[in-house]
Amino acid sequence: MAPSADHAADLGDRRSAGRADPAPIRVALLGCGTVGSEVARLLTEEADEFAARAGAPVELAGIAVRRPDKHPELPQELLTSDVEALVSSDVDIVVELVGGIEPARTWLLTALRAGKSVVTANKALLAEHSPELSEAADVSGADLYYEAAVAGAIPLVRPLRESLAGDRITRVMGIVNGTTNYILSAMDSTGASYSETLEEASNLGYAEADPTADVDGYDAASKAAILASLAFHTRVSASDVYREGIGSVGAADVAAAKMIGRTVKLLAICERVTDPDGSESVSVRVHPVMIPHSHQLAGVGGAFNAVYVEADGAGELMFFGQGAGGAPTASAVLGDLVDVARNRLGGGRGPRESAHAGLPVRPMGDTPTRYHISLQVADRPGVLAQIAQVFAKHDVSLASVRQRDKHSTASLVVVTHAAPDSALRATVDDIGELDVVHEVVSVMRVEGEDS
Ligand code: HSE
C-alpha cells in the first residue's frame, strides 16, 4: 500500500525536527560534453529528488568547459574555463568528465589532497595512476569513485569492490567496448570485411572519427586493468595488459568461427591462474576470441557491453547493458555522486583501494590459452602426421581435428587444449613453414567449451 500524504508529512516533520537543514553538497563539474551535459541537466531538473536521495541539496557550484561561449544552453553564471580555480574553490566533490591523463591527473590530485571527493569516468587515468590517486584519497580521507569508467551504465565497480568483497573471484571476462562489438557483430551478420564494416560504423556514428583507442584495444585494456585490480586485490596497470585489437580480424576468421559453431568477440579477460605448486598469478588480456554460440557473451550484439564474473561462492554472474552514451554513463556518474554525498553527510567514506594481494601479473607467453587453427593443406598421405608432429614438438595437445576434402587440397580445422600461449604461437609459426601447408586461413584463441 502506498504511504498516505499525512504519513509522508509526519515523516518529513520528524526528520527535520530538532536540526537545521543540512548545508548543500557543492559539486564542481569538469567537462560538459554528452555525459556532463546530462549530469548537469538531471542535477538541475531533479534537484529535489537528488536532495532527498543524498540527504542534502546537491548543488552545481561550477562547470568547467574549454570555451564557455560555446555553451549557451548551460547556466552562464556557473561556467568557467579556469579549472584550477574551480577545483580549489569551496566545493565538496569534483566530477571529472574530461578524460586523458594530464591535466586531469593534476586536477584530481589537487582535489583529493584538499579533501574533496572525486567522481570520475576517466578509465585511461585510473588504469595508469590509480595507486597515486587512491593514496591521495587515503591521506585526506576523501572518496574516489569511478563506476562510469568501466562499461558505462553497467554496475561493475560497485559489485566487485563491495558486493563481492567477501568472495574469491576467479575470472572476469567481458565485452567492454561497444565500438568493436558493433563492428564484429556486423561482420558476423554480413560477412563483410573489417575495413568495409569500420567505414560503415564511422558513417553511422558508431565509431569515433579516430577509432584507434577502440579498434586497437586500448580502451578495453584500460577497463581490463581496472576490473582486474578490483577483482584480484592487486594493482594492475594498462601497461600490464596484453593487448591485440580487431584490425587483424578478417572475414575468413569470422567464417572459420561459424564453421565450428562460434562467433568472434573482442574480450577483456582477467583470470586468476594457479600453478601446480599452488602459487597464484593473474592474467589480464584483451584480444579477439572465438566463443561458442551457446556462451553467455555470444548473443551480446551491436554496441552493447556484457561482463561475466566467476567467483567461488557466487558462482557465475552476468552483467549486461549500455556501455557508453550520455544518459547511460550519466546514470553511473550520478549514482556515484549520490553515494559520495551520502558518505560526506554521514561523516564517513566509501571503500578504499584494496590491493593487499599484490599478485604477480603473468606474461602472456606463460598464460594458458587455447587456439583454433584453420589450414589449407595438401591432400595426400602423411600430411596430418607431419602437422601433428609439430603440435607434439611444442607439447600442445589437440582437442579436435576436422578435415574436409576439396579437389587436391584439404581444409583442416584444429582446436587445441590449453597450452602456454608462447608454445601455441611457436606451433603456428612452424606449421606455416611446412611445404604441405598451402595457406594458414585463420588463427585465433578460443574460450568456452565446444558444444
Ligand atoms: N568508446 C567506448 C566504446 C566507450 O566504444 O565502448 C567509452 O569507453
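For ligands, and for the atoms within them, numbers begin at 1 and follow the listed sequence. Remember, predicted model here, so these are calculated numbers, not experimental data. Quick note: residue numbers are just sequence positions, from 1.
Just one residue in the list R425, R445, R285 forms a salt bridge (charged side-chain N to carboxylate O under 4.0 Å, His left out) with E244, and that residue is R445.
Ordered by chain and residue number, the residues placing a heavy atom less than 4.0 Å from ligand 1 are K123, N177, G178, T179, D214, D219, K223, A324.
Contacts of T106 classified as side-chain contact (heavy atoms from CB on, under 4.5 Å), with partners at least two apart in sequence or in another chain: E102, T110.
Using modelled atom types and a 3.5 Å distance limit, the side chains of R344 and S117 yield a donor-acceptor pair.
Applying the ring-ring contact (aromatic ring centres under 6.0 Å, His included) definition to pairs two or more places apart or across chains, those involving residues 232-253 are H233-H356. Annotation: side chain to side chain donor-acceptor pair (under 3.5 Å) contacts involving residues 197-210, sequence neighbours excluded, comprise D210-T212.
Between D216 and R243, none of the side-chain N atoms (NZ, or NE/NH1/NH2) sits under 4.0 Å from a carboxylate O, so this pair counts as no salt bridge.
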